[in-house]
Amino acid sequence: MTLQQKSHSIASAGTVLLLVALFLLLWFICFNVPKEEEDEGVMVSFGEVMEEGGGLPDAPPYQPTEASEAAAPESAAAPEPVLTQEDESAAEAARVEQERRQKAEAERIAKERAEAERKAAEQRKKDAAIANASKMGALFGQTSSAEGANGQPGDNGKAVNGNPLGHGSSGGNDWSLNGRSLVGSLPRPSADFKQEGRVVVSIIVDKDGNVVSARAGQGTTISDEATRQLAVKAAMRAKFNMVDHPNAAVGTITYYFKFK
C-alpha cells in the first residue's frame with residue numbers, strides 16, 4: 001500500500017468517527033429534552049342536561065345565613081347618596097338663613113344693651129339731680145312735711161322755711177317750690193278716683209322747669225294706691241319756670257279729692 005492510499009484510509013476513518021460522534025451528540029440532546037405536558041382544560045357546564053345521569057347534580061338555591069350577612073361589606077348594604085345641584089342649593093339657602101338669624105340676634109342684643117345703657121345714664125342723671133336737690137333743700141331749710149318747716153304746723157305740707165315765696169294755689173290744689181313759679185296751671189288728675197282726701201306729692205324739678213321725680217309723701221290721707229297714682233301722674237305733667245343754675249328744686253303739689 002502506498003503512502004497516498006494509507007493517508008486516504010486514515011482520513012476516511014476519521015471522517016466516519018466524527019460523523020458517528022456528531023450523530024450520538026444530536027441523539028442525546030433531542031431525546032433528553034423534557035416533553036411539555038398538554039393542558040387538558042377545565043370542564044365547563046353550560047346548563048345542558050347530559051343524558052343517562054352524566055351531568056352534575058342541581059345545586060340547592062342559595063340561602064343567606066347570619067354569618068354570610070355579617071361578612072358582607074357595609075358599603076354594599078346602603079350606597080351613599082349622591083349630592084345633586086338641588087341639594088347644594090338647599091344647603092346654601094339654609095346656611096344663608098342661619099347667618100341672617102345670627103346677625104338679627106346680634107343686632108337685637110346690641111340694641112337692648114344700648115337701651116339699657118341709656119336708661120342707666122338717665123337714672124344716674126336723675127339720681128344726681130335728686131341728690132343735688134336734697135342738698136339744696138337742706139341748705140335752705142325746706143321741708144315737704146305736713147307739719148311745715150322745722151316741725152312747725154304748716155299748710156298741708158306746703159311750707160318753705162326762710163323763703164316765703166314759691167308757693168300758691170291752682171284749680172283748688174296747692175303747690176310749693178323753693179324760689180320757683182308755676183307756668184300755667186296745675187294739671188288736674190282724672191276724676192275716676194275711689195277715695196276722698198288729699199294726696200301730697202313730693203316733686204323734684206330740674207333747671208328747665210320739668211318734674212323729674214314725683215311720689216306720694218307725708219301728709220297724704222288717701223290709702224287707695226290707684227287714687228294716689230292719679231295724683232302722681234298729674235304732678236309729673238306740671239311745668240315751672242326755668243333757671244340759669246343747674247341745681248334742681250324740691251317741693252310739693254297737694255291734690256284734694258272730693259266727690260261731687
Check: T227 main-chain N/O paired with Q195 side-chain donor or acceptor under 3.5 Å: no
Minimum heavy-atom distance between Y255 and A231, given as atom pair plus value: CE1-O, 3.5 Å
G251 to L177 - nearest heavy-atom pair and separation: N-CD1, 3.7 Å
From CZ (R95) to CD (E97), nearest 0.5 Å: 12.0 Å
Side-chain donor or acceptor of E196 paired with backbone N/O of F259 under 3.5 Å: yes
Test item: R198 side-chain N/O and G219 main-chain N/O as donor-acceptor pair under 3.5 Å: yes
Under 3.5 Å donor-acceptor, S170 side chain and L186 backbone: yes
Value rounded to 0.5 Å, distance of CD in E225 from NZ in K194: 11.0 Å
D174-Y256 side chain donor-acceptor pair, cut-off 3.5 Å: yes
Distance-minimising heavy-atom pair for A238 and I253: CB-CD1, 3.9 Å
Flag side-chain contact, heavy atom, 4.5 Å: W175 against I203: no
Hphob cluster co-occupancy, V199 + M236, side-chain heavy atoms under 4.5 angstrom: yes
For L230 against P189, the heavy-atom pair lying closest together: O-CB, 3.5 Å
Worked verdict on E105 versus R101 for side chain to side chain contact (heavy atoms under 4.5 Å, CB included): CA-CA 6 Å; E105 182 67 14; R101 291 182 178 179; over 6 Å; no
Intermediate values then yes/no, side chain to side chain contact (heavy atoms under 4.5 Å, CB included), F240 and N210: CA-CA 7 Å; F240 296 87; N210 300 314; over 6 Å; no
Shortest non-hydrogen separation from A214 to A235 and the atoms involved: CB-CB, 4.5 Å
R237 atom CZ: more than 12 heavy-atom contacts under 6.0 Å: yes
I222 backbone acceptor or donor facing R228 side chain under 3.5 Å: yes
Any donor-acceptor N or O pair under 3.5 Å, side chains N247, K207: no
In one Ile/Leu/Val/Met/Phe/Trp/Tyr side-chain cluster, 4.5 Å: L24, V16: yes
Check against salt bridge (charged side-chain N to carboxylate O under 4.0 Å, His left out), E117 and R113: CA-CA 6 Å; E117 292 177 355; R113 186 176 300 173; 5.6 Å; no
Side chain D206, main chain D208, donor-acceptor under 3.5 Å: yes
Short side-chain to backbone donor-acceptor contact, R180 and G166, under 3.5 Å: no
Note: E112-R108 ion pair, threshold 4.0 Å (strictly below): yes
Any donor-acceptor N/O pair, T220 side chain to A216 backbone, under 3.5 Å: no
